[in-house]
Chemist: 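I'd like to ask some things about the structure below.
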Amino acid sequence: MTTLSLSEQETIRRNSLNRLRELGYDPYPAAEYPVNALAAAIKAGYSDELKNFGDVCLAGRMMNQRIMGKASFAELQDSSGRIQLYVNRDELCPGEDKTLYNEVFKKLLDIGDIIGVKGYVFITQMGEISVHVKELTLLNKSLRPLPVVKEKDGVTYDAFTVVEQRYRMRYVDLIVNPQIRDVFVKRALIINTMREIFNENGYLEVETPILQPIPGGAAARPFITHHNALDIPLYLRIANELYLKKLIVGGFDGVYEFGKDFRNEGMDRTHNPEFTVLEIYVAYKDYLWMMKFTEQLLERVALALHGTTRVTLGDHIIDFKAPYPRVTMYEAIKNHTGYDIAGKNEEELRRICDTLNIAITPEMGKGKLIDQIFGEKCEPHFIQPTFIIDYPVEMSPLTKKHRSNPNLTERFELMVFGKELANAYSELNDPLDQRERFEEQLRLSEKGDQEAMYIDHDFLRALEHGMPPTSGMGIGIDRLTMFMTNNLSIQDVLFFPQMKPETRKQEIAFHPEEFSSLGIPGEWIDVLKKLGYTSAAKLREVDKYTRLHQEICGYNKKNKLGLPNPSPEEVKSWLSGQG
RNA sequence: GACUCAGUAGCUCAGCAGGUAGAGCACAUCCCUUUUAAGGAUGGGGUCCUGGGUUCGAAUCCCAGCUGGGUCACCA
């Protein structure tokens, strides 16, 4: 195996690995390691009077090493945080053989190695709670150097910051940037809190298909795949809605699902092709009930995370304290544009859009036009949680018509920080009305709207069996996590955001014997390799031997190799293979 | 998709009227023998993103591409 493609530090670590094996230390031991303490618990609970933690065993990654002769300090980082280790040569190695300290600990261990230690807790002269190490075990040798991030008095030095690297190598990001871990701990807490509330109410957590023959429940462009055995196209779901409503038809009073949806659309700082959504459907409720439920849900999530309903987000403080103001869509548009769009037809709406300088396209129907006005002129204004209610029927093909106005639907979206956070309605359960709405979608599709919904005949059949009056609601979990953790980019709340595939430089096989058989001396083979002549075939592509001669002599000089230069004739003979 | 900024050592970055690639940390060797981001000394380490072009000479200037960030557009 050639190690030429490795960096110096990687080579050194591999050499250390081999040396450890020679000395009889298994760099990758199989046995369980009996951890009985965490760094954070020790730091929080140690008392110098009690001398507790007298026999601890902990494991983690060594993040720093300060060797001072026969006594050294190191930092151990486990899942809870960091703690200092004190390692003394004669205590680690009570007998004559000091190899474990002198060679293994001081030389063969590196930053990033995973070790286990046993010992007792004490406080150093500098006043730092530390573990006095009596036993040290290597649990995993790390072969790549870790970015070394240092921190003092809240100032971070040499941070690992390159965003691309952080997303592509999230494992490294998590090791060296501990605050990143918090975001994901909070993300889990958000989901757990919501689940707790749903379960308290007796709603059932369910799972519905991700692979769907018809991608329904939303207006979006799907990913398409193919099932070989059935020989049919299948779509990755864009929403859970229709399947969950079929379960309400089936007799459940409340069902919810945390699931991934997939949309084949643009990617930016607020959109990832796959994202997590919570959808919940509750029978015998309406959208008014759902508004109350939603505001209580969010209030409780904020309290669980922050102990307060007030959450910092960018330059704002968002207060999730219920209740939230309710503004109808028409009011919102009237307030922010001056136009009352109630009762306006498509042509009139187009003129309003033109006046307001809103970009529109011919295939946009009435619903899309109104959505466009709202999105452009109103949405950004709703920073504090606000329910926008009563959407035009054209925008909401799965929503029940408003009880007091047939042109509107019983729908709300919750706006926070100028963005949609939740979307809910009194679900349409009139199967004949639903059929007409689907047919209207079909007309939009024929007009060129690529996001118009497909007709789902099984869903219609289910509705024909009868669905109780139901309210449903969806929340984007990624977006909620962004809002609750003060991150403005979705990539910061996903462990592995979608990225373009990394192009790997391919490792080139190198066969020195190809060159020696041409009569090329060993010292020049290395030079040729460095210059990019990685095979005899590449060497044959050289048209002028004089050029190659100059190249290798130049390399010799530049790198001060001190080799006696070959004559041009010798180089010529290499190329002709006559050497 | 458009515009814009960036890509140099393991990490963070400097270098750019075109003239031998630099610093700090990390790494190695030695000294020190209880340190607090950093004890001291010495040293090794680079396809300056890739490919073309201009030039005697390109990390630097020009063109194209790749990757990423930002803004905008598109998008429940």
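In what follows, chains carry the letters A, B, and so on, assigned in the order in which the sequence lines appear, proteins first and then strands, with residues in each chain numbered from 1.
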Chemist: Check every strand shown and say whether A:V162 touches a base, only sugar-phosphate, or nothing at a heavy-atom separation below 4.0 Å.
Modeler: sugar-phosphate

Chemist: Among all residues two or more places apart in sequence or in another chain, which pass the ring-ring contact (aromatic ring centres under 6.0 Å, His included) test with A:F459?
Modeler: none

Chemist: Would you indicate what A:S72 reaches in the nucleic acid, counting non-hydrogen atoms under 4.0 angstrom: base, sugar-phosphate, or nothing?
Modeler: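 Here A:S72 touches no strand at all.
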
Chemist: Does any residue of residues 165-173 of chain A have a heavy atom under 4.0 Å from RNA chain B, and if so, which ones, in number order?
Modeler: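 Here the set is A:Q165, A:R168.
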
Chemist: Can you list every pair that meets salt bridge (charged side-chain N to carboxylate O under 4.0 Å, His left out) and has a residue in residues 60-74 of chain A, with sequence neighbours left out?
Modeler: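 Residue pairs passing salt bridge (charged side-chain N to carboxylate O under 4.0 Å, His left out), neighbours aside: none found.
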
Chemist: Who passes ring-ring contact (aromatic ring centres under 6.0 Å, His included) against A:Y281, sequence neighbours left out?
Modeler: none

Chemist: Would you mind classifying the nucleic acid contact of A:M499 as base, sugar-phosphate or nothing, using non-hydrogen atoms under 4.0 angstrom?
Modeler: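 Since only primed, P, OP1 and OP2 atoms lie under 4.0 Å of A:M499, the category is sugar-phosphate.
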
Chemist: How would you list, by chain and number, every residue that makes a salt bridge (charged side-chain N to carboxylate O under 4.0 Å, His left out) with A:K107, sequence neighbours excluded?
Modeler: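 With sequence neighbours excluded, A:K107 shows a salt bridge (charged side-chain N to carboxylate O under 4.0 Å, His left out) to no residue whatsoever.
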
Chemist: Identify, residue by residue, the members of residues 385-394 of chain A with a heavy atom below 4.0 Å from RNA chain B, and return them in order of residue number, or none.
Modeler: none

Chemist: Listed by chain and number, what are the ring-ring contact (aromatic ring centres under 6.0 Å, His included) partners of A:F73, not counting sequence neighbours?
Modeler: A:Y86

Chemist: Each nucleotide N or O in nucleotides 28-35 of chain B that has a protein N or O under 3.5 Å away: list the pair and distance.
Modeler:
unit_1	atom_1	unit_2	atom_2	d
B:U33	O2	A:M68	O	2.4
B:U33	O2	A:G69	N	2.5
B:U34	O2'	A:Q125	OE1	3.2
B:U34	O4	A:Y86	OH	2.9
B:U35	O2	A:R66	NE	2.8
B:U35	O2	A:R66	NH2	2.8
B:U35	O4	A:Q84	NE2	3.3
B:U35	O4	A:T124	OG1	3.2

Chemist: Under a 4.5 Å cut-off applied to non-hydrogen side-chain atoms, are A:M290 and A:F387 in contact?
Modeler: no

Chemist: Return the set of residues passing salt bridge (charged side-chain N to carboxylate O under 4.0 Å, His left out) with A:E257 (not counting sequence neighbours), or none when no residue passes.
Modeler: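 A:E257 satisfies salt bridge (charged side-chain N to carboxylate O under 4.0 Å, His left out) with A:R237 only.
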
Chemist: Contact class for A:K368 (heavy atom, under 4.0 Å): base, sugar-phosphate, or nothing?
Modeler: sugar-phosphate

Chemist: Using the test salt bridge (charged side-chain N to carboxylate O under 4.0 Å, His left out), find all partners of A:R89 that sit at least two apart in sequence or belong to another chain.
Modeler: none

Chemist: Give one of base, sugar-phosphate or nothing for A:D268, where a contact means two heavy atoms less than 4.0 Å apart.
Modeler: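 Base contact.
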
Chemist: For A:E379, answer base if it contacts any base atom (sugar-phosphate contacts may also be present), sugar-phosphate if it contacts only those atoms, and nothing otherwise; contact means non-hydrogen atoms under 4.0 Å.
Modeler: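 Result for A:E379 = nothing.
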
Chemist: Under 4.0 Å, heavy atoms only, any strand: does A:A220 hit a base, just the sugar-phosphate, or nothing?
Modeler: nothing

Chemist: I'd like a table of donor-acceptor pairs (distance under 3.5 Å, sequence neighbours excluded) in which one partner is a side-chain atom from residues 366-375 of chain A, with atom names and distances.
Modeler:
unit_1	atom_1	unit_2	atom_2	d
A:K366	NZ	A:K344	O	3.4
A:K366	NZ	A:E394	OE2	3.4
A:K368	NZ	A:E451	OE1	3.1
A:Q372	NE2	A:A359	O	3.4

Chemist: My understanding is that only residues two or more places apart in sequence, or in another chain, count here; which of them pass salt bridge (charged side-chain N to carboxylate O under 4.0 Å, His left out) with A:E427?
Modeler: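 For A:E427, the residues satisfying salt bridge (charged side-chain N to carboxylate O under 4.0 Å, His left out) (neighbours in sequence not counted) are A:K245.
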
